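For reference, the structure discussed in these notes is given below.
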Amino acid sequence: MKLKVLVDNNTYIDQYYCGEPAVSYYIEDEDISFLLDVGYSDLFMKNAKAFGINLDKISSIVISHGHDDHTRGLKYYFNENKKDIISIIAHPDAFKEKVVGDLKICSPILEKELKEKCNLILSKEPIKVSKNITFLGEIPETNTFENRKSIGKQAVCDNFIDDYVMDDSALVYKSKDGIYIITGCSHSGICNIIEYAKQVCKDNRVLGVIGGFHLFEVDERVSKTIQYFKQNNIKELYPCHCTSFIVKAEIHKVLPVKEVGVGLEINW
C-alpha cells in the first residue's frame, strides 16, 4: 500500500507545496487507487497535479466524516470531473446538514444531490474499499475515556438534534505482518477506532496509525491514550491535522512521533 498526503495543516520545509487546515490522502492498494477525504478547497487537486497523480484514475472517494474540512473539496472535484461515475463511500450521516450556531460545517453537497452525481455507498457496517483496505463504518465505544461529545447539531427528519458525529470513521489496511489505521479526525476516539479495526481484521498487531487524533490539551484522556498506544506496541505514529503540538510532544516522550506534512509518502 502507498499513501501520499495531498492535504494537511503542515507542509515540509523546502518542499514547495501548499497546505490548509484539512485532510486528503491519495492511497494505492495493488491496482486500486482512491482518496480518503478531499480537504476544504481545490487544493487536493492542485497538489495531486504537482505530484503527478492522475485523479481521473481513482475508483472511489472515501469520506471519514461529514465536516467541511474533509468534504468541501467535493464541489471542486465535481466541477472538473463530469465524465465517469465515481463511488463515494461514507457513513449514512456523513451528508446530512450540520451546523454550529448559524455556521454550516457540513459538505457543500448533501445526500440528495450527491446521489445524482455519483454512486453513493452509505454504510454503518465495514466495507471493502480494495483488496486489503476496509472502511470501518460506525465505530463502537469500547474505551470509557473516549466518550463521544456533540459538535453542533445535525438535521434529521426536518429537525436539528445534537450531533455526536456518529459518521466519524476510518480505514484499516491489513498486511501479512499486522494492521495500519488511517483516520480523518477520530471524533469517535482514536483508541476506539484501533480497537474496532483489530476486531474487524481479527488481528491485534497494530503496526502504525496516521491521521488526526482530535486531541488538544494534555489531560487524563491523553495520558490514557498514550498508555493504550504503549500497550499495543504501536511502532509508527503519524498524528496530524487536529492534533496539537503539545499533545504530539507528550506522546513523543513515550513513543516516537513521526512528522507529517503535504508530500509525505508512506509505503506499507
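Index from 1, following the sequence. The structure displayed is predicted, hence computed values, not measured ones.
Linking Ile, Leu, Val, Met, Phe, Trp and Tyr residues whenever their side-chain heavy atoms come within less than 4.5 Å leaves V100 and F160 in two separate clusters. In the hydrophobic clustering of ILVMFWY residues, with side-chain heavy atoms under 4.5 Å counting as a link, I139 and I151 come out apart. L36 and L207 end up in the same hydrophobic cluster when Ile, Leu, Val, Met, Phe, Trp and Tyr side chains are linked at under 4.5 Å. In the hydrophobic clustering of this structure, I58 does not group with I266; members are Ile, Leu, Val, Met, Phe, Trp, Tyr whose side-chain heavy atoms approach within less than 4.5 Å, directly or through other members. At a threshold of 4.5 Å between side-chain heavy atoms, the hydrophobic network of Ile, Leu, Val, Met, Phe, Trp and Tyr places L43 and Y12 in two separate groups.
Nearest heavy atom pair, residue G184 against residue S64, reads CA-OG, 3.6 Å. Closest heavy-atom contact between A155 and K96: O-CD, 3.4 Å. Nearest heavy-atom pair across C242 and F216 is O-CE2, 3.4 Å. Between S188 and N192, the closest heavy-atom pair is O-ND2, 2.8 Å. When all heavy atoms of I86 and S59 are compared, the pair lying nearest together is CG1-O, 3.6 Å. Summarising the geometry of F95 relative to A90, their closest heavy-atom pair is CE1-CB, 3.8 Å, with the distance given to 0.1 Å.
The side-chain heavy atoms of I27 and V62, taken from C-beta on, include no pair separated by under 4.5 Å. With contacts defined as side-chain heavy-atom distances shorter than 4.5 Å, the pair H241/D69 qualifies. Considering only heavy atoms from C-beta on, P239 stays 4.5 Å or farther from V247 through its side chain. Residues W268 and S175 fail the side-chain proximity criterion, which asks for heavy atoms closer than 4.5 Å. Considering only heavy atoms from C-beta on, I181 stays 4.5 Å or farther from Y196 through its side chain. In this structure, E217 and V222 have side chains that are not in contact, with every pair of non-hydrogen atoms separated by 4.5 Å or more. In this structure the side chain of L6 reaches within 4.5 angstrom of the side chain of I53, judged on heavy atoms. Contact annotation: the side chain of I190 approaches that of F229 to within less than 4.5 Å [non-hydrogen atoms, C-beta and beyond].
In this structure, E220 places its CD atom where only 12 or fewer heavy-atom neighbours from other residues, nucleotides or ligands lie under 6.0 Å away. Surrounding NZ of K128 are more than 12 heavy atoms belonging to other residues, nucleotides or ligands, all under 6.0 Å away. Within 6.0 Å of NZ on K124 lie no more than 12 heavy atoms contributed by other residues, nucleotides or ligands. By the neighbour-count criterion of 12 heavy atoms within 6.0 Å, atom NZ of K46 is sparsely surrounded, having that number or fewer from other residues, nucleotides or ligands. With a 6.0 Å radius and a threshold of 12 heavy atoms from other residues, nucleotides or ligands, L103 has its CG atom above the threshold.
Aromatic ring centres of Y76 and F44 lie farther apart than the 6.0 Å criterion allows.
With values rounded to the nearest 0.5 angstrom, T225 atom OG1 is found 5.0 Å from E146 atom CD. Of the inter-residue distances, the one linking D14 atom CG with T11 atom OG1 reads 10.0 Å to the nearest 0.5 angstrom. Separation of atoms CD1 (I13) and CD (E259) is listed at 7.0 Å; rounding is to 0.5 Å. Annotation: the span from T142 atom OG1 to I193 atom CD1 amounts to 10.0 Å, rounded to 0.5 Å. With rounding to the nearest 0.5 Å, the separation of CG in D163 from CZ in R148 is 10.0 Å. Here the straight-line distance linking atom CG of N267 with atom CG of L3 works out to 9.0 Å at 0.5 Å rounding.
A salt bridge is absent between R221 and D219: the closest approach of a Lys/Arg side-chain nitrogen to an acidic carboxylate oxygen does not fall below 4.0 angstrom. Ion pairing between a basic and an acidic side chain is recognised when a charged N comes within 4.0 Å of a carboxylate O; K153 and D162 show such pairing.
Judged by distance alone, with hydrogens and angles left aside, the side-chain atoms of S24 form a donor-acceptor pair with the main-chain N or O of D37 at under 3.5 Å. Checked by atom type and distance alone, the side chain of T243 never pairs as donor or acceptor with a backbone atom of G212 at under 3.5 Å. Using modelled atom types, no side-chain atom of N233 and backbone atom of K230 make a donor-acceptor pair closer than 3.5 Å. Side-chain N or O atoms of S107 include one that pairs as donor or acceptor with a backbone N or O of I109 at under 3.5 Å. A donor-acceptor pair is defined here as one N or O able to donate and one able to accept, closer than 3.5 Å; no such pair exists between the side chain of S150 and the backbone of Y164. For N47 (side chain) and C18 (main-chain N/O), a donor-acceptor pair under 3.5 Å exists by modelled atom type.
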Q: Determine, step by step, whether D68 and K104 satisfy the side chain to side chain contact (heavy atoms under 4.5 Å, CB included) criterion, reporting the C-alpha distance in whole Å, the side-chain angles of both residues, the deciding distance to 0.1 Å, and the verdict.
A: CA-CA 8 Å; D68 54 2; K104 284 190 177 183; over 6 Å; no

Q.
Please evaluate residues V129 and I32 with respect to the criterion side chain to side chain contact (heavy atoms under 4.5 Å, CB included), reporting the C-alpha separation (whole Å), side-chain torsions for both, the decisive distance (0.1 Å), and the verdict.
A. CA-CA 9 Å; V129 181; I32 298 293; 5.6 Å; no

Q.
Please evaluate residues D8 and L264 with respect to the criterion side chain to side chain contact (heavy atoms under 4.5 Å, CB included), reporting the C-alpha separation (whole Å), side-chain torsions for both, the decisive distance (0.1 Å), and the verdict.
A. CA-CA 10 Å; D8 183 55; L264 169 67; over 6 Å; no

Q) For M1 and I182, what are the C-alpha separation, side-chain angles and deciding distance, and is it a side chain to side chain contact (heavy atoms under 4.5 Å, CB included)? A) CA-CA 12 Å; M1 184 200 77; I182 307 161; 4.0 Å; yes

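With 3.5 Å as the limit, one finds no donor-acceptor pair spanning the side chains of K224 and N143. Between the side chains of D167 and H65, no donor-acceptor pair is found at a separation under 3.5 Å. Using modelled atom types and a 3.5 Å distance limit, the side chains of E195 and Y228 yield a donor-acceptor pair.
Stacking of R72 on the aromatic ring of Y40 is recorded, both the 6.0 Å distance cut-off and the 45° axial limit being met.
The side chain to side chain contact (heavy atoms under 4.5 Å, CB included) test with I88 singles out one residue from I121, T71, N119, L74, and that residue is L74.
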